Peer 1: 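Handing you a structure now.
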Amino acid sequence: MSPAADADSRLPRHVAIVMDGNGRWAQQRGLPRSEGHRAGLAAVRRTVEACRELGIRHLTLYAFSTENWKRPPGEIRALMGLLREFLDARLGDLLRQGIRLHVIGQPERLPHLVRVRLDRVVKQTAGGKEGTLTLALSYGSRAEIAAAARQLAEEAKAGTLDPRTIDEATLAARLQTAGLPDPDLVIRTAGEKRLSNFLLWQLSYAEFWFTDLCWPDFDRETLHGALAEFARRQRRFGGVTHA
Ligand code: FPP
């Protein structure tokens, strides 16, 4: 990881991606949806690699939402199979590159064989200091915020937390993203322009970037386009820009 790159505020420290359009990509080619997800996995590999090369330290991918459980069982099985494949194949790379795997969401709802692999990769990469790959799995932002509120209430009830001291940082520390910087840039593919219950708290000041490309077509060039536009935007965080 290049420290120079990290010091350059025109490069996002943390990129979050809503990977959309696997199904449409497959449909356009007369293929089953599972083939779209498989091609989506190849795009995940390319993107993880490109972010590492560019010096983007933190990448968060929305891989499975709480709403995705409503999909047909066959499609869910195919997605879980790809996740297992990813975890088996990527462990070595993550370790070599010093990247820590982090999971947000409800991994306890995932099939046993996926959980076992997730636990293993999370444990083995825990010492990674170069960056973080966060997978949002069975994730929903409102549920995450509600859980943090519940935890604050329990601590206050137990007398370990004075409610008068609760501020933004107190709540942020109880989110599953505690310790990670907020994403600077959020990307969504396939022409949709909504957040879909993704990181509602953490994206408060993020720049949004959308593309009509379906996720399986997302490549380095697309990422470079998003980063170039991010670099041109002026982030004021509600303040004014000084010349
Ligand atoms: C959205 O496309 C994508 C998903 C619901 C799953 C994302 C999964 C992958 C990219 C592959 C596996 C990833 C990992 C990290 C192992 P969609 O099916 O909603 O597309 P559609 O809107 O065109 O139907």
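Positions are given from 1 along the sequence. Indexing begins at 1, ligand by ligand and atom by atom, following the structure's order. The model shown is predicted, which means the values in this text are computed figures rather than measured ones.
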Peer 1: Just which atoms of ligand 1 are under 4.0 Å from any heavy atom in R24?
Peer 2: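 Listed by number with element: 21 (P), 22 (O), 23 (O).
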Peer 1: Need the ligand 1 atom indices (1-based, order shown) with element for anything under 4.0 Å from a heavy-atom of L83.
Peer 2: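 What qualifies from ligand 1 is 16 (C).
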Peer 1: Considering only Ile, Leu, Val, Met, Phe, Trp and Tyr, and joining two whenever side-chain heavy atoms are under 4.5 Å apart, list the other residues clustered with W25.
Peer 2: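 In the cluster with W25 are L31.
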Peer 1: With heavy atoms of H37 as the reference, note each atom of ligand 1 found under 4.0 Å away.
Peer 2: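 Here the atoms of ligand 1 in question are 11 (C), 18 (O).
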Peer 1: Salt bridge check: are E85 and R90 linked by an N-O gap of less than 4.0 Å?
Peer 2: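 Salt bridge between E85 and R90, a charged N being under 4.0 Å from a carboxylate O: no.
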Peer 1: Within ligand 1, which atoms have a heavy atom of L79 less than 4.0 Å away?
Peer 2: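 Result: 6 (C), 8 (C).
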Peer 1: Show me which atoms of ligand 1 lie under 4.0 Å from any heavy atom of G23.
Peer 2: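 Close to G23: 17 (P), 18 (O), 20 (O), 21 (P), 23 (O), 24 (O).
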Peer 1: Under a 4.0 angstrom heavy-atom cut-off, which atoms of ligand 1 come close to D20?
Peer 2: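 Near D20, the atoms of ligand 1 are 1 (C), 2 (O), 17 (P), 19 (O), 20 (O), 22 (O).
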Peer 1: Taking 4.0 Å as the limit for heavy-atom contacts, which would you say applies to R71 with ligand 1: side chain only, backbone only, both, or neither?
Peer 2: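 The answer is the side chain.
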Peer 1: Quick one: nearest non-hydrogen protein atom to atom 3 (C) of ligand 1, plus distance?
Peer 2: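 Going atom by atom, the protein heavy atom closest to atom 3 (C) of ligand 1 ends up being M19 O, 3.1 Å.
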Peer 1: Is A63 near ligand 1, meaning one of its heavy atoms is under 4.0 Å from it?
Peer 2: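 Yes.
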Peer 1: In the protein, what heavy atom is nearest to atom 14 (C) of ligand 1, and what distance, to one decimal place, separates them?
Peer 2: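 Ranking protein heavy atoms by distance from atom 14 (C) of ligand 1, first comes L41 CD1, 4.0 Å.
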Peer 1: Should the pair E35-R29 be classified as a salt bridge under the 4.0 Å nitrogen-to-oxygen rule?
Peer 2: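 Salt bridge: no.
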Peer 1: Sub-3.5 Å donor-acceptor pair from the side chain of T189 to the main-chain atoms of C214, do we have one?
Peer 2: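 Checked: no pair found.
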Peer 1: ring-ring contact (aromatic ring centres under 6.0 Å, His included) with Y139: which residues, sequence neighbours excluded?
Peer 2: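 For Y139 the ring-ring contact (aromatic ring centres under 6.0 Å, His included) partners, ignoring immediate neighbours, are Y62.
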Peer 1: Any side-chain heavy atom of V186 within less than 4.5 Å of one from V15?
Peer 2: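 Result no, sub-4.5 Å side-chain heavy-atom pair not found.
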Peer 1: Using a strict cut-off of less than 4.0 Å between a Lys/Arg side-chain nitrogen and an Asp/Glu carboxylate oxygen, indicate whether E229 and R233 qualify as a salt bridge.
Peer 2: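 A salt bridge links E229 with R233.
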Peer 1: Once you restrict to heavy atoms under 4.0 Å, what part of W215 touches ligand 1? Side chain, backbone, both or neither.
Peer 2: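 Contact part for W215 vs ligand 1: side chain (C-beta onward).
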Peer 1: One residue to check: Q27. Relative to ligand 1, which of side chain, backbone, both or neither has a non-hydrogen atom less than 4.0 Å away?
Peer 2: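 Contact part for Q27 vs ligand 1: neither.
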Peer 1: Can R38 be said to touch ligand 1, with heavy atoms closer than 4.0 Å?
Peer 2: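 It does not, in that no heavy atom of R38 comes within the 4.0 Å cut-off of ligand 1.
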Peer 1: Of all the heavy atoms in R33, does at least one lie under 4.0 Å from an atom in ligand 1?
Peer 2: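 Yes; R33 lies near enough to ligand 1 that a heavy-atom distance drops under 4.0 Å.
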Peer 1: Out of L61, L133, V44, whose heavy atom sits nearest atom 13 (C) of ligand 1?
Peer 2: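 Considering heavy atoms of L61, L133, V44, the nearest to atom 13 (C) of ligand 1 sits in V44.
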Peer 1: State whether the shortest distance between N or O atoms of N68 and N or O atoms of ligand 1 falls below 3.5 angstrom.
Peer 2: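 By distance alone, the answer is no.
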Peer 1: How far is atom 9 (C) of ligand 1 from the closest protein heavy atom, and which atom is that?
Peer 2: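 Looking at atom 9 (C) of ligand 1, the protein heavy atom closest to it is N22 ND2, 3.6 Å.
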Peer 1: With side chain to side chain donor-acceptor pair (under 3.5 Å) as the test, would you mind laying out the steps for S138 and W69 before giving the verdict?
Peer 2: CA-CA 8 Å; S138 189; W69 289 114; 2.8 Å; yes
Peer 1: Whether the side chain of E144 engages the backbone of Q176 through a donor-acceptor N/O pair (distance < 3.5 Å, no angle test) should be reported.
Peer 2: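 Checking the backbone N and O of Q176 against the side chain of E144, a donor-acceptor pair under 3.5 Å is found.
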Peer 1: Hey, which atoms in ligand 1 end up nearer than 4.0 Å to a heavy atom of F86?
Peer 2: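 Per the distance check, 16 (C).
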